[in-house]
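Here's the structure we're looking at; comments come further down.
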Amino acid sequence: MQIMLCAISNIASGNCSEDCKYCTQSAYVKTDIQKYRRKEISQIILEAKIAKKNEALGFCLVTAGLGLDDEKLEYVCEAAMAVKKEVPDLLLIACNGMASVEQLKELKKAGIFSYNHNLETSKEFFPQICTTHTWESRFQTNLNAKEAGLMLCCGGIYGMGESFEDRISLRKSLQELQPFSSPINFFIANDNLNLKAPKLDADEALKIISDTKEALPQTVIMVAGGREIVLGERQYEIFKAGASAIVIGDYLTTKGEEPSRDIVELKKMGFTFASQCH
């Protein structure tokens, strides 16, 4: 079986104006994460080269904050063009919050392949985890990305206290969008966050993956944050459950599995890694 590996570069970290209860980058919580307005372009290129060396096909440029303004748009475009020039085989993904069709078209011109903007949870549960913007504005940004001609990467976070019905509702919304890829994140509690919820067990996490694949049979199901902690030694069972992509290395503000360990284990199991998008 061929699977897709993706890596993340957090190019603008922390001090986010939004109050999303699950996020350590929110200015509403005190955390000891690294905060910076901009990462050097040379550092982003270095990370892209490392990602490519680690068999990644996707490379995501992530910025904290509500959305794109002119200055941030210019910076993300500059970073994208620089990476594309140095590591042309990577598929570039942008994750920069709310964005208009015009802004997203500019990203596409700069070499961005896909736009990531997760719905996070159901429309019904969303007001309990964020009050500074609406679920509907998130949904609209996804529609904008499709209109701009970008491939869509859209998923959510499970284990935040949502109900079974909320999970069904989220998947129905994703069915409306029909994303190219859909990341599944598992919430991991943090002492600094206002959101407290018990850790999902491995069986429940694997069931979420299989239910998502059943709802989105044509979508690449990608397992991202929380994989290592929630699934532990069972983390590679995700592929039997229906996933065909993972995020390797570190996440936005948390450590991930060492990529070399993932690659060794996956090769042992007979997996090969996608080098182009079909």
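For this chain, numbers begin at 1 and follow the sequence in order.
Salt-bridge check for E102 with K105: failed, with every basic side-chain N at 4.0 Å or more from each acidic carboxylate O. Ion pairing between a basic and an acidic side chain is recognised when a charged N comes within 4.0 Å of a carboxylate O; K268 and E265 show such pairing. In summary, E120 and R138 engage in a salt bridge, as defined by a charged side-chain N under 4.0 Å from a carboxylate O. In this structure, E78 does not pair ionically with R38, as no charged nitrogen and carboxylate oxygen lie closer than 4.0 Å.
Not counting sequence neighbours, K196 has no partner by the side-chain contact (heavy atoms from CB on, under 4.5 Å) test.
Side chain to side chain, E47 and Q43 meet the donor-acceptor criterion of an N or O pair below 3.5 Å. Side chains of D262 and Y236: a donor on one and an acceptor on the other come within 3.5 Å. In this model, a donor atom of one side chain and an acceptor atom of the other lie less than 3.5 Å apart for N116 and N118. There is a side-chain donor-acceptor pair under 3.5 Å between E124 and S169.
Ring planes of F180 and F113: perpendicular class, angle over 60° (limits at 30 and 60°).
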### Query
Could you walk me through whether M1 and S244 pass the side-chain contact (heavy atoms from CB on, under 4.5 Å) check?
CA-CA 9 Å; M1 177 181 173; S244 55; 3.9 Å; yes
### Task
Apply the test side-chain contact (heavy atoms from CB on, under 4.5 Å) to residues K39 and S9: give CA-CA distance (whole Å), side-chain angles for both, the deciding distance (0.1 Å), then the verdict.
CA-CA 9 Å; K39 187 177 277 181; S9 179; 3.7 Å; yes
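Atom NZ of K52 has more than 12 neighbouring heavy atoms from other residues, nucleotides or ligands inside a 6.0 Å radius.
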